[in-house]
Amino acid sequence: MHFLRTAVALAAVAQLAGVEARNLVKPRVRRSASPEATVSDSSSSSSSSGFCTDPSDVTVTAPYSNIWTDITLTESDAIIGFLFSDSVGFNLTAIENATISDNYIHSIELIRPNKTDALAYISGQTSTTPTRYAKVVINHFGQEDPVFRFYKVGPVPVTNDTTIEPLTEIYRADPTRSVNCGPYDDQMSNAQDVPIAAAMTAIADITQDLLGYGWVYYGSGNDSSTLSYETMAPLGRDGKHRYGWTVFQAPGQQATASPVGLQMGFDFSGTDPSLYSLEAIWYNGQTWTCLEDFRASWEAGTIVRGTQVSPDVTWASTSRTSNDTWGTPELDSRHSPMGVEPEGKRYQVDKDNRYVKWNDFEFFIATDGARGVALFDVKYAGERIIYEIGLQEAIAQYAGNDPGQLSTVYLDSYYGFGRLLFQMIEGYDTPYGATFLNTWANFNGETFLHADSIAIFEVDSGRPIQRHLEGWYTYYGTIESTRDPVLVVRSIATIGNYDYIIDYMFHFDGTIEFEVSASGYLQATYYFEGEYKHGYRIHDALHGSMHDHVVAVKVDLDVAGTENSLQIVDIVQMKADVPDAWFPDYMEVGRHPNTMGISRKFVDSEDDARISWPDNGQGMAIVVNKNATNQWGEMRGYRVAPGVGAVHQTITKTSPFLTNGANWASTDLAATVRKDTEPYLSDEFNQESHLTPLVNSDDFFDGESLDQQDLVLWVTLGMHHVPNTQDIPNTLANIAHTSFILTPFNYFDSEQTRRTAQILQVDLENDVTTVTEYVPVPSCTVNLTALAEVDAYVGLEEYHNVLVKGHHAS
């Protein structure tokens, strides 16, 4: 088998090179007896039945406790009990009884330990774990001036020593916020439904006529309602008002992709729904400021009518169809390729501590409600290279000539990447054989357990990480190829209409990739001529509004220690100074021909540390340690490089719907001195207070020196999404994805793949082919019946209802 591959390839190369191939007779094949190739012994990989054995996973114990893992189910329940106690005195209402005018719990999550405290523990300087504290958000909406506040509760677990105090150290702005900047939850939604239902009930006869098909809305609890709606965000800016647009849609999973052409603007300020007011109506490109004017136009017959949207939305179904124009692809009924682990998993997981070890990598996994999955203390060959890497924020900013799309800017941490992690389907969302972890989150006063919402698996990338053929123009030579297995940590957060697939990927050479892919339904708008400048018509009455997806990621690199600098290396054109004798036939170029070179410089301070990627990729950003060099005297470093989708936000401060809420999004890369008081680049509540945000990233850049400091990189990545008919019914993740790469740069004395056993070497000499394979394919049969069944998926309802609730008085 190995000979055949080699002979055919070399024959083809010989012919291309004009070398006679007649000497390519069948050589003898000899496999080397490499002492490292003992795994080829069939007794170690097969059973008496002929099937590959199912070896037990190699267990591992974390070197220390995971100090970053989120507040547990038990801890959360105890905190809820503490908050309801008379000693705290918040006069809270149980969430099942709460309304917008009550005091109730919004969320509970861990305040991660300061890095200074964490390093003391994980380095062994102290055996005492950092004290755990919880961040608690309380909606004090039952008071005369309704506000929500942030609190620090601890120590956790709750004991008689546990106290509560305002959480202020991570905010420069006043963290006490008006209800008009508050969270969008069931209580807020129920309150907003009151004026929406009243306005739509008053014009039910008009909607049935203009929209057709009996489209009406009488309220969320009214069975006669045939429409659904979505209220765009943001609604708040600075706490003074809460104003936004409601877009009416055909109900169903595709609702955001089936607007019917009617929108209404409401003032939702305060906590009294009777004071909420309708401010404007929009239909098919026309605007009215009150229901009376809208009705008068309808009665006069002056309204320009648009296309009516049918309740038949089968065109938006994601179910398989067999009567498509293109038919069924040939051989499509055969199962697609799948990976197997014939000798068991090559990675190890301590599930209790969420600790993972694979090849030379090891790290801890943690989650929080707003930002989802992050990794801590990432080591390679026993040396920490990253203290923390994790998602900070994700923006979806829309464009359009209708009020709903024009005013939409989502900061998705507001809805919660950790709160909205859901179970993955083995064999589809992940390869078969993945290892799954559960997550949990406290939101709206309830603690939810999410089964199988983090996946860990190893895949073959399908390409060699290293490959070379020596002596290609003759029969004799050497071929060497090295496999490129990749370890992946995956989570999928479903936030409204989009599913965000978030991957951390590890390669043997020390490279780490971070990738976000998106799939799901478009948030599209109603088609009319005024939308033409903002996208394409993608269905009968549907317009695909262009929008930006932009993501921020925190990377706290520790390159050979915590004292690092940021070096920018530009690729430039320069002139060489050479003797005349070098190129006598090219004297027209003179003694100074153009060539390429590099220009090295360090970023001196935070004032200069907001960077955009250079045109044509002619530049590199490298975090180095000036005091740590490799064998050749070069500073050890890690390079951060754009992958797919090296874009930043098109509009930031000049958008009245974003202003200061995401100033980080205007550049590709930034660096700051790490501070315990700046743990996050953004805050989830920037969504509704973007004029005066809780965390303004501009405040991070205050002129501090970046020379040999503990640095944090803030990486921006994303995509400009211009929807087209290939986004119907769903956007596809192979197109809608973005990534960046962290890779060693002079960090080692040489590249590291020579140490792996995943190497094949073929030597051809004297008509003898010698194959050296350190990890040969096991001579056994894979038992596919051992793979997971799809019906192991428990669904949203079952595990979403696994709640841990305290029995508290309302």
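Quantities reported herein were computed from a predicted structural model and do not represent experimental measurements.
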Donor-acceptor pair between Y521 and Q253 side chains, under 3.5 angstrom: yes

side-chain contact (heavy atoms from CB on, under 4.5 Å) between D402 and E531, worked out: CA-CA 8 Å; D402 63 283; E531 295 286 6; 2.4 Å; yes

Lys/Arg cation over aromatic Y504: R490, 6.0 Å, 45° cone: no

Between Y500 and D412: side-chain donor-acceptor atoms closer than 3.5 Å: yes

Rounded distance (nearest 0.5 Å) linking atom CD1 of I196 with atom CG of L227: 12.0 Å

D429 side chain to M424 backbone, donor-acceptor under 3.5 Å: no

CA sep, side-chain torsions, deciding dist, call: L694, R177, side-chain contact (heavy atoms from CB on, under 4.5 Å): CA-CA 9 Å; L694 274 163; R177 294 282 154 147; 3.8 Å; yes

Test item: side-chain donor near acceptor, Y536 and D727, under 3.5 Å: no

Smallest separation among heavy atoms of A374 and G390, with atom names: CB-CA, 4.0 Å

Euclidean distance, D70 CG relative to L110 CG, rounded to 0.5 Å: 6.0 Å

Heavy-atom closest pair, residues P723 and H547: CG-CE1, 3.9 Å

Residue D332 excluded, over 12 heavy atoms near CG under 6.0 Å: yes

Derivation and outcome, side-chain hydrogen bond (donor to acceptor under 3.5 Å, both in side chains), residues D238 and T692: CA-CA 6 Å; D238 55 7; T692 55; over 6 Å; no

Donor on one side chain, acceptor on other, D548 and Y398, under 3.5 Å: no

Residue pair E684 / Y415, side-chain heavy-atom distance below 4.5 Å: no

Intermediate values then yes/no, ring pair (Phe, Tyr, Trp, His ring centres under 6.0 Å), H450 and W440: CA-CA 6 Å; H450 299 262; W440 50 86; 10.0 Å; no

Ionic contact status for D368 with R419, cut-off 4.0 Å: no

Backbone N/O of S413 and side chain of E393: donor-acceptor pair under 3.5 Å: yes

Pairwise side-chain contact, Q286 with I303, heavy-atom cut-off 4.5 Å (strictly under): yes

side-chain hydrogen bond (donor to acceptor under 3.5 Å, both in side chains) between T246 and T231, worked out: CA-CA 4 Å; T246 295; T231 300; 3.1 Å; yes

Close side-chain approach of T439 and F422, heavy atoms under 4.5 Å: no

Backbone of G239 reached by a side-chain donor or acceptor of S178 within 3.5 Å: yes

Heavy-atom check, side chain of N190 versus side chain of T99, under 4.5 Å: no

Check: R242 side chain, N180 main-chain N or O, donor-acceptor pair, under 3.5 Å: yes

Within 6.0 Å of CD in E529, more than 12 heavy atoms from elsewhere: no

Close side-chain approach of F436 and I454, heavy atoms under 4.5 Å: no

OG on S666 to CG on L658, rounded to 0.5 Å: 10.0 Å

Check: T667 and W714 side chains under 4.5 Å, non-hydrogen atoms: no

Donor-acceptor contact below 3.5 Å, side chain T256 vs main chain L522: yes

T226 versus W215, closest heavy-atom pair with distance: O-CZ3, 3.0 Å

Reported CG-to-OH distance for the pair N730 and Y498, which is rounded to 0.5 angstrom: 9.5 Å

Side-chain (T738) to main-chain (L717) donor-acceptor, under 3.5 angstrom: no

Step-by-step side-chain contact (heavy atoms from CB on, under 4.5 Å) determination, H534 to N401: CA-CA 8 Å; H534 307 287; N401 198 33; 4.0 Å; yes

S655 side-chain N/O to T652 backbone N/O, donor-acceptor pair under 3.5 Å: no

Distance-only polar pair, side chains of E279 and S277, donor-acceptor under 3.5 Å: yes

Q523 versus Y410, side-chain donor and acceptor atoms under 3.5 Å: yes

Test item: H737 side-chain N/O and N734 main-chain N/O as donor-acceptor pair under 3.5 Å: yes

Interatomic spacing from NE2 in H539 to OG in S258 - rounded to 0.5 Å: 10.5 Å

Nearest atoms (heavy-atom pairs only) where E513 meets I741: CG-CG1, 4.0 Å

Heavy-atom pair of closest approach, residues A646 and D668: O-OD1, 4.4 Å

Neighbour count >12 (heavy atoms, 6.0 Å) for atom CZ, F657: yes

Name of the residue among W245, F528, W288 meeting ring pair (Phe, Tyr, Trp, His ring centres under 6.0 Å) with W282: F528

Test item: R305 and N284 side chains (from C-beta on) under 4.5 Å apart, heavy atoms: no

Side-chain donor-acceptor pair present, S310, D312, cut-off under 3.5 Å: no

I492 and its side chain to side chain contact (heavy atoms under 4.5 Å, CB included) partner, picked from I502, D499, L420, D503: D499

Spacing of L278 atom CG and M200 atom CE [to the nearest 0.5 Å]: 11.0 Å

Nearest heavy atoms of Y229 and Q249, plus distance in Å: C-OE1, 3.9 Å

L669 vs W613, side-chain contact (heavy atoms from CB on, under 4.5 Å): CA-CA, chis, key distance, verdict: CA-CA 8 Å; L669 176 69; W613 298 122; 4.0 Å; yes

Within-4.5 Å side-chain heavy-atom neighbours: I501 and E515: no

